[in-house]
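In what follows, a single structure is set out as structure tokens and then discussed.
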Amino acid sequence: MSDALDKGAWDGGAWDGRALPPHRYRAFGLLIASELALPELASMRDDSGAAPDVTIRLEAPGDPAGVAWPPRLRPDARGATLAVAGAARYRIEDGCRIGIAPYPAAPERDVRLYLLGSAFGVLCHQRGVLPLHGNAVIVDGRAMAFCGHSGIGKSTLAAHFAARGYALLCDDVCVVSFDAAGRPLAWPGLPRLKLWRDAAENFGHDPGTLERAIQDKDKYHVPNAAVTAPGPFPLARVYLLSDATESIAISPVAGVSSIQAIMAQTYRKVYLRPMGLVGANIEQATRIAQHAQVFAAPRRRGFDCFADEAARLERHMAQDDAAPVARAEGSR
């Protein structure tokens, strides 16, 4: 990793005058120019010379001394620095620049993993858009998002729907912006899924032919066809996945409860308070609750009942909106 570094420096919040990075991609509704190749993203062959929304530079190797787990975010007047043990130090500024200082011997896949995850989560918050911890598929031109805690089966469910012929919009991070009327819009994410070994094998993949998503972990990148339309797509529904206890009924969540539920699904929400963005997050969650339907979707887990659970959710997604969207209490 360090052999390929082009040592750069930040100067007053601006780059040091070097030419734009050679690798160009599009994800999360952003045109990205990067010095680090990002095979997880689809390359842009023709962007008509458009200026990038985000520029990614490689910096001199970082000093890992004192860096602990979990990752620590240090905001300041110019931006924020995110230090991830075993990966890199990421400097994120103005929602448009990321500098990467990899730690010695850090696996490049881990450097990319936290760049496209946590660092881009910070960048989204800086840009005023909402990254949700979830996946989304397209149904009749609208985005249906599935949110929930890590390990609840979001990616496995997304892989199932992709195999069923639904266009997969995003995996793990669903970036939501808002139009002039405050309506939520979901953007295409990375054209791949991250699946644990058992899930990958269940869908017919040989893990021996796949790239690990995380060094020394049994989780793999599974390629998926990128959404051909550039987006965005109206966010119509948010399904809050959870483990079933007694009932498995899919039920609407309304009012303040829906706002709180969406806030809880904000990607890297622990960074909001140090960045001074809790109020902005409340406003974003309120807009989603005003314009999209939110449902609690408890489900049984295990591959012995997976097909039945997925079919139940698919039937619900296919239903027309029989009731008006529940508006948040106190909405304007």
Self-check item: Check: Ile56 and Glu35 side chains under 4.5 Å, non-hydrogen atoms
Solution: no
Quiz prompt | Interatomic spacing from OG1 in Thr156 to NE2 in His160 - rounded to 0.5 Å | solution = 11.0 Å
Quiz item: Taking C-beta and beyond as the side chain, do Ile259 and Ile288 meet within less than 4.5 Å on heavy atoms?
Solution: no
Quiz item: Is any side-chain heavy atom of Arg183 less than 4.5 Å from a side-chain heavy atom of Pro234?
Solution: no
Exercise. Please answer: with hydrophobic residues joined when any side-chain heavy atoms are less than 4.5 Å apart, are Val294 and Ile248 in the same cluster?
Key: no
N/O donor-acceptor pairs under 3.5 Å from side chains in residues 249-257, not counting sequence neighbours:
none

Exercise. Using a strict cut-off of less than 4.0 Å between a Lys/Arg side-chain nitrogen and an Asp/Glu carboxylate oxygen, indicate whether Arg212 and Asp218 qualify as a salt bridge.
Key: yes
Exercise. Tell me, with the steps shown, if Arg89 and Tyr103 meet side-chain hydrogen bond (donor to acceptor under 3.5 Å, both in side chains).
Key: CA-CA 7 Å; Arg89 186 190 71 243; Tyr103 295 134; 5.8 Å; no
Practice problem: Verify side-chain hydrogen bond (donor to acceptor under 3.5 Å, both in side chains) between Tyr166 and Glu314, making sure each step is shown before the conclusion. | Solution: CA-CA 10 Å; Tyr166 292 91; Glu314 184 175 9; 2.7 Å; yes
Quiz item: Atom CG of Leu36 and atom CG of Leu58: how far apart are they, to the nearest 0.5 Å?
Solution: 5.5 Å
Quiz item: So which pairs with a foot in residues 113-125 pass side-chain hydrogen bond (donor to acceptor under 3.5 Å, both in side chains), sequence neighbours left out?
Solution: Ser118-Arg268
Quiz item: salt bridge (Lys or Arg N to Asp or Glu O under 4.0 Å) between Asp171 and Arg192: does it pass, once the steps are laid out?
Solution: CA-CA 7 Å; Asp171 175 53; Arg192 59 96 180 99; 3.4 Å; yes
Quiz item: Which value, rounded to the nearest 0.5 Å, describes the distance between Tyr220 atom OH and Glu201 atom CD?
Solution: 8.0 Å
Exercise. Flag the pair Arg91 and Glu93 as a salt bridge only when some basic side-chain nitrogen lies within less than 4.0 angstrom of an acidic carboxylate oxygen.
Key: yes
Quiz item: Do NZ/NE/NH1/NH2 and the carboxylate oxygens of Lys194 and Asp172 come within less than 4.0 Å?
Solution: yes
Exercise. Taking all non-hydrogen atoms of both residues into account, name the closest pair between His133 and Ser150 and its distance.
Key: CE1-OG, 3.3 Å
Quiz prompt | Verdict with reasoning, Arg74 to Thr81, per side-chain hydrogen bond (donor to acceptor under 3.5 Å, both in side chains) | solution = CA-CA 5 Å; Arg74 296 184 180 277; Thr81 300; over 6 Å; no
Quiz item: With a 4.5 Å heavy-atom cut-off, do His149 and Asp243 have their side chains touching?
Solution: yes
Quiz prompt | Approximate separation, where rounding is to 0.5 Å, of Thr286 OG1 and Ile262 CD1 | solution = 8.0 Å
Self-check item: Ionic contact status for Arg299 with Glu309, cut-off 4.0 Å
Solution: no
Quiz item: Phe295 versus Val238: any side-chain heavy-atom pair under 4.5 Å?
Solution: no
Under 3.5 Å, sequence neighbours excluded: what are the donor-acceptor pairs made by side chains of residues 202-210?
unit_1: Asp206; atom_1: OD1; unit_2: Gly208; atom_2: N; d: 3.0
unit_1: Thr209; atom_1: OG1; unit_2: Asp206; atom_2: O; d: 2.7

Quiz prompt | Mutual orientation of the aromatic rings belonging to His23 and Tyr25 [parallel < 30°, tilted 30-60°, perpendicular > 60°] | solution = parallel
Self-check item: Close side-chain approach of Leu115 to Leu38, heavy-atom, < 4.5 Å
Solution: yes
